[in-house]
Amino acid sequence: MDTVASSAAATEIYEEAAQALGQVPTSRALATDSRSLPEDPVERQGYIGAAFLTHNLALHSDLQDRNRHVGALQFSAYTGESFGMLAAAVAAGSLTVRDGALLAYAFTPILLGASNQHARGASAVDLGSYVPRYPDDALPVSEPSHVIALRGQADDLTRLMQTLDQVLGSSVELHKRYSPRQYNVYVTASAIPAFVRVLRSYPEITAEELKKATTFLAHSRRMTGAREAFDRFIDGHGIVFSDPHTPLISNSGAGFLLTGDQVRNAVLAMTDEVMDSQHTTELIDELQPDLVAEIGRGAKSLQLLRDNAVRTGAISISNGDEAQNLVRMAELARQLHETVRQVDDRASGLLDADDVAVLRELTVFAANEPAFDAYLRKTALALAFDSLRNPEKVISLTSTRFREALQFTLAHRDRVQPGEIVLGARVRKRLHGEISEIGHAYLELRVLTGDGAIREDEVGPSIDTEVLIVHFERPSQARIGAQIRHAVRTGLRGNPLAQRTRDTVVRQMRSEGLSEPEGLAGTIAHADAVDHLVYQSVMFELFQKHRPGLFAHSHVFFEATDLFGWVTSLVVAKALAPGDAVEVLTELLQRRSTKSGRLHELVHVLCERLEDSGLPLLSTTGAPVLARGDLRRETLAFLDRTTRRGAGRPVQLQASATVVALAYGSQLHRVDASPHHHTTLLVRTPEELWRYGLNSELDALESHALLNVTRAHRAVREFAQSRNMLYSTVNSYIHPGERIVGFGAGGSESMTIFFRQEGDDELLVRKVLSEALTTARWDAEGTGAMLPPFTKAKRQAEYLAALPDELNEFLPRVKNVTERQLRVAENADEVSRELIYEMTFIEGVEVGQYVRRHNPPTAVIAKLYEQIMTFIHHNVHTHRRTPSPGGTLEEQYFRKIEDRLALCRQTAPRTFSSELLDSDEIIINGHRYRNYRSLLRAFRNTPAYARILEARVHALVIGDTNTENIKIGDIAPLQRAAHLIRTGREPPKPTFDRLWGTSRPAVSV
């Protein structure tokens, strides 16, 4: 206390309190050593109370004085537990120090009077006329009481308290609602044996003695006389309660206190009203302060906040150094928000030295101060969440880099040295190296070192995983009874999601006239099946709503270990209406065997009602399935499946995984993603999803995921999902220092990435053609129409590099070409060929996009194509002209069509079936057309067609001239022409300055 006691602000507090208690104000005033304490035990308690309050107020005054020079710290509210409300009332300006000291001195002696404990001599403060005296046979407190903590679920605690009230009456008294899972009670000494007997009937409740038997019973209804005495003391000493300058939060359930009368009642409540610390912490959480500071020794409030899952970080202030620390935190918080505002207005895309210095100071300080770390993470998560929820919001590139650096450094601080800043973090697949490592994920960090250098680190992932798997299984009968019914009918009572789901099930069953179950067992199983579906559906929706980081960061799959879990996952994935699952689940709840004829009949009916799934489910072999036909096949596979007890549940995603079970997960241990690592997590209750602090593992996963979610990561993940790939695979083709701009829909199953290099504004295109990324299996030695994509890409790159100089301005320039072979993780002897080339990007609007967006008149489109063909004829076809050897139609068109469709039939035989390909006619949108075989026969057998179409000369070509390969540099002339046509006027003949094309890379006008 020396650093505080020596400050002028603290000295004033000590002097005023000492004078109120009739002491000479000296450096020894209100000291608590043995020489200073009164000998009389009752007076000693009053003195200690006054000293305790004064020391805490001195700490607060010193803190305010330190902050006065900075102005960064602002108090939103004050509160205290029990006696702490007095100090809070003084700090908030409702009481003077003098009045607070008097009340603190009087409080304990007045309450001890309830057991006829009185000071033997004169006290420093006149108490004799206020402390009540009682006949020995009418004492409010006639025997000591033990202080016992009862811990369990909220509903169980309520039932126990009702029983105790019926059996033991006033011998057991609630004096503190500590948290949703803990009540503190007074139990009289004589009632302890009976109390224990009742407690043994509630094995789900645990008990702990917090304090030995005592006659000091604050917050007890037996203190009604003490409250009246305390009230008289206030009036008798002229104590005034003013309206506070800062709101207080009641500790007795009265909410926010804004007037002097409300504060007075809160102080009087310390005597005989139940302490409601749970409600106090709930109001703190609703207030959402940046930080909670406990001023005084003990740090008990920090544990209270943790036990009530308050999301805000907290710090204890018990000396001047800690006070200065808090002021520094406020300074850094203000500096952070000022920097965010500054970088929001800068479009340079570069972090300057001051930005980096702020990041270093913030993260280094947070590493050494848990409370500030909690605040900084909360702020960083809010920034990440804002970007996640509002993807349309414009955020400057500089601001994006600052936010990402803060997020990544907090997420991966344990992987770098103090003071180092993580500028980028990507989970990537290892594509080459040791065969045992190929296909496994690793974390790539781009680190700004203390001396300003950039370092690239590769580290093994910890809680970073590539996929999120939601696990479903059949609950035991005990779990159905003890957990689901209880949760649906109590914890989720009134929950709109639960009510909507239940209404959907009931409405569907009524509309389809489903038969009611027979007998008691059937009726119970039917009700349990409905409750189960409601519970699992609501749990998943709450999971998505309240833990969005996990869904934004990872690819999501459903997995089940049995038919019951599989049917549940179908409902949650929206592939099956809830009502269609009830009868199957009811049957399974009554019979564990899947061999019954009734069950087989119900499952086959269910299969006919399946739709495509909203999220992929893992098949019996562990592969993802989405389509209705595949779901039907897998449903029947689960029905006929016999699994050895304890056998592993395979996951064939070739990815590291986080596996989460909702409500029950006794079979989680069976999930096997080997050789890739995975973690498992059980979410026990819905409350764990919407309240932070109840499931620390879930909180850590969500926080880490949110800190790693950026707009770039979201773009990568969404593109990867559209290609049935993992985001880590896409990241393997993005190099350190590159910033993703977007992705293209390249032909021949190419992966097209648009990016910029660090510090360079030029937009570049990377095209990846890889056997590993293609659906079709190409012959590596194929030629002509069957040329494999990676070989075709090499030819394209060579083509662009060898173009005549006259065409350079119209087509992209090739910058780098990489050709390599990669070993396949599943088969060390197999190799995958790959070609990657980079080129410049051509600005403009694709012809197809222009037509879709603006719907120009037919005359404009016709003129546009006339100009395109004219340009190609005069500027491209004039190069490298040679006589045609003949057979161009057959080689380049007819056989190419046949070979490509044969490859389609081989790759996807159910889609490209005989019914589709082998008929002479085909019906599209209700119109009958000749199928491709009929068309080819007509072209081949009609000489007139060949005379018109067969090429007489071969020349340089640009490949496809479809609308995806041609760009318009300026659409304004076309828009003007379209406007004139629509208004009935004749447009002038359009002129085209630039028209260019490529054989896959872009083309422009």
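Along the sequence shown, residues are numbered consecutively beginning with 1.
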Shortest non-hydrogen contact between Ala77 and Leu287, atoms and distance: CB-CD2, 3.9 Å
Looking only at atom types and distance, does a side-chain atom of Asp231 sit under 3.5 Å from a main-chain N or O of Leu268, one as donor and one as acceptor? no
How far apart are the C-alpha atoms of Leu150 and Leu199, what are their side-chain angles, what is the distance that settles it, and do they pass the side-chain contact (heavy atoms from CB on, under 4.5 Å) test? CA-CA 10 Å; Leu150 300 173; Leu199 191 62; 4.1 Å; yes
Nearest 0.5 Å, what's the CG-CD distance between Leu291 and Glu369? 8.0 Å
Check whether the side chains of Arg306 and Gln303 place a donor and an acceptor atom closer than 3.5 Å, and report yes or no. yes
Applied to residues 223-255, the ring pair (Phe, Tyr, Trp, His ring centres under 6.0 Å) test, sequence neighbours excluded, yields Phe107-Phe230, Tyr130-Phe233, Tyr130-His237, Phe233-His237
Using the side-chain contact (heavy atoms from CB on, under 4.5 Å) rule, take Tyr183 and Thr158 through it: C-alpha gap first, then chi angles, then the decisive distance, then the call. CA-CA 9 Å; Tyr183 287 175; Thr158 299; 4.3 Å; yes
Testing the basics here: between Asn695 and Val683, what is the closest heavy-atom pair and its distance to 0.1 Å? ND2-CA, 4.1 Å
Is a side-chain donor or acceptor of Ser94 paired with a backbone partner of Ser242 at a separation under 3.5 angstrom? yes
Nearest 0.5 Å please: distance from the OG1 atom of Thr280 over to the CG atom of Asp285. 12.5 Å
CG of Asp62 to CD of Gln324, rounded to nearest 0.5 Å, is 8.5 Å
Are any side-chain N or O atoms of Thr312 and backbone N or O atoms of Pro289, one a donor and one an acceptor, separated by less than 3.5 Å? yes
Smallest separation among heavy atoms of Ile110 and Ala229, with atom names: CG2-CB, 3.9 Å
Of all residues at least two apart in sequence or in a different chain, which pass the ring pair (Phe, Tyr, Trp, His ring centres under 6.0 Å) check with His175? Tyr186
Apply the test salt bridge (Lys or Arg N to Asp or Glu O under 4.0 Å) to residues Arg151 and Glu208: give CA-CA distance (whole Å), side-chain angles for both, the deciding distance (0.1 Å), then the verdict. CA-CA 8 Å; Arg151 299 187 180 97; Glu208 178 189 359; 2.8 Å; yes
Does Ser190 form a side chain to side chain donor-acceptor pair (under 3.5 Å) with Glu143? I'd like the steps, not just the answer. CA-CA 8 Å; Ser190 61; Glu143 64 174 314; 2.8 Å; yes
Return yes if some donor-acceptor pair links the side-chain N/O of Asn116 with the main-chain N/O of Tyr134 below 3.5 Å, else return no. yes
On the ring face of Tyr692, is Arg547 found with NZ or CZ under 6.0 Å from the centre and within 45° of the axis? yes
Steps toward salt bridge (Lys or Arg N to Asp or Glu O under 4.0 Å) verdict (Arg68, Asp65): CA-CA 5 Å; Arg68 195 167 291 114; Asp65 187 58; 2.9 Å; yes
If you measure only the distance, is there a donor-acceptor pair under 3.5 Å linking the side chains of Asn308 and Ser179? no
Would you kindly say whether Ser252 and Asp276 are connected by a side-chain donor-acceptor distance under 3.5 Å? no
Stepwise, does the side-chain contact (heavy atoms from CB on, under 4.5 Å) test hold for Asp272 with His219? CA-CA 4 Å; Asp272 66 341; His219 300 280; over 6 Å; no
Do Phe256 and Thr79 come close enough that some side-chain heavy atom pair is under 4.5 Å? no
Taking all non-hydrogen atoms of both residues, which atom of Leu168 and which atom of Ala194 are closest, and how far apart? CD2-CB, 3.4 Å
Looking at side-chain heavy atoms only, is the closest gap between Arg181 and Gln153 below 4.5 Å? yes
Could you walk me through whether Val187 and Leu164 pass side-chain contact (heavy atoms from CB on, under 4.5 Å), step by step? CA-CA 10 Å; Val187 183; Leu164 289 170; over 6 Å; no
One thing to verify: whether Arg264 and Asp235 come together as a salt bridge, which I'm taking to mean a side-chain N less than 4.0 angstrom from a carboxylate O. yes
Assess the pair His55 and Tyr14: is the distance between their ring centroids shorter than 6.0 Å? yes
Any side-chain donor near an acceptor of the partner, Gln278 and Arg177, under 3.5 Å: no
When rounded to the nearest 0.5 angstrom, what is the spacing between CG in Leu326 and CG in Leu73? 5.0 Å
Minimum heavy-atom separation for Ala309 to Gly693, with atom names? CB-CA, 3.8 Å
Residues Arg44 and Glu39 bridged, charged N to O under 4.0 Å: no
What I want to check is whether the side chains of Gln117 and Ser115 have a donor and an acceptor closer together than 3.5 Å. yes
Is it true that a side-chain atom of Gln182 and a backbone atom of Tyr178 form a donor plus acceptor pair closer than 3.5 Å? no
Side chains of Tyr202 and Thr163: closer than 4.5 Å at any heavy-atom pair? yes
Hey, does Lys212 have a side-chain heavy atom less than 4.5 Å from the side chain of His146? no
Is any side-chain heavy atom of Thr96 closer than 4.5 Å to a side-chain heavy atom of Glu16? yes
Hey, are His60 and Tyr78 close enough side-chain-wise for a donor-acceptor pair under 3.5 Å? yes
Flag the pair Tyr105 / Tyr47 as yes when at least one side-chain heavy-atom distance between them is below 4.5 Å, and no otherwise. yes
Does the side chain of Ile315 come within less than 4.5 Å of Met329's, by heavy atoms? yes
Under 3.5 Å donor-acceptor, Thr259 side chain and Gln262 backbone: yes
Examine distances only and state if a side-chain atom of Ser142 and a backbone atom of Ala138 form a donor-acceptor pair shorter than 3.5 Å. no
Would Glu273 and Arg227 satisfy salt bridge (Lys or Arg N to Asp or Glu O under 4.0 Å), going step by step from the backbone distance to the final call? CA-CA 10 Å; Glu273 294 186 32; Arg227 179 176 183 137; 2.8 Å; yes
Closest non-hydrogen atom pair between Ser82 and Asn251, with its separation: N-OD1, 2.9 Å
Rounded at 0.5 Å granularity, tell me how far CZ in Arg311 sits from CG in Asp699. 10.5 Å
Between the side chains of Arg120 and Glu43, is the shortest nitrogen-to-carboxylate-oxygen separation below 4.0 Å, so that they form an ion pair? no
Do the side chains of Val185 and Met161 get nearer than 4.5 Å, heavy atoms only? yes
Counting only heavy atoms not in Asp136, do more than 12 fall under 6.0 Å of its CG? no
Let me confirm one number: the CG-CG distance from Leu57 to Leu63, rounded to the nearest 0.5 Å. 12.5 Å
Ser316 versus Glu322, side-chain donor and acceptor atoms under 3.5 Å: no
Using a 3.5 Å distance criterion without hydrogens, assess whether the side chain of Thr224 forms a donor-acceptor pair with backbone atoms of Arg221. yes
State whether Asp155 and Arg159 are salt-bridged, where the test is any N-O pair (Lys NZ or Arg NE/NH1/NH2 against Asp/Glu carboxylate O) under 4.0 Å. no
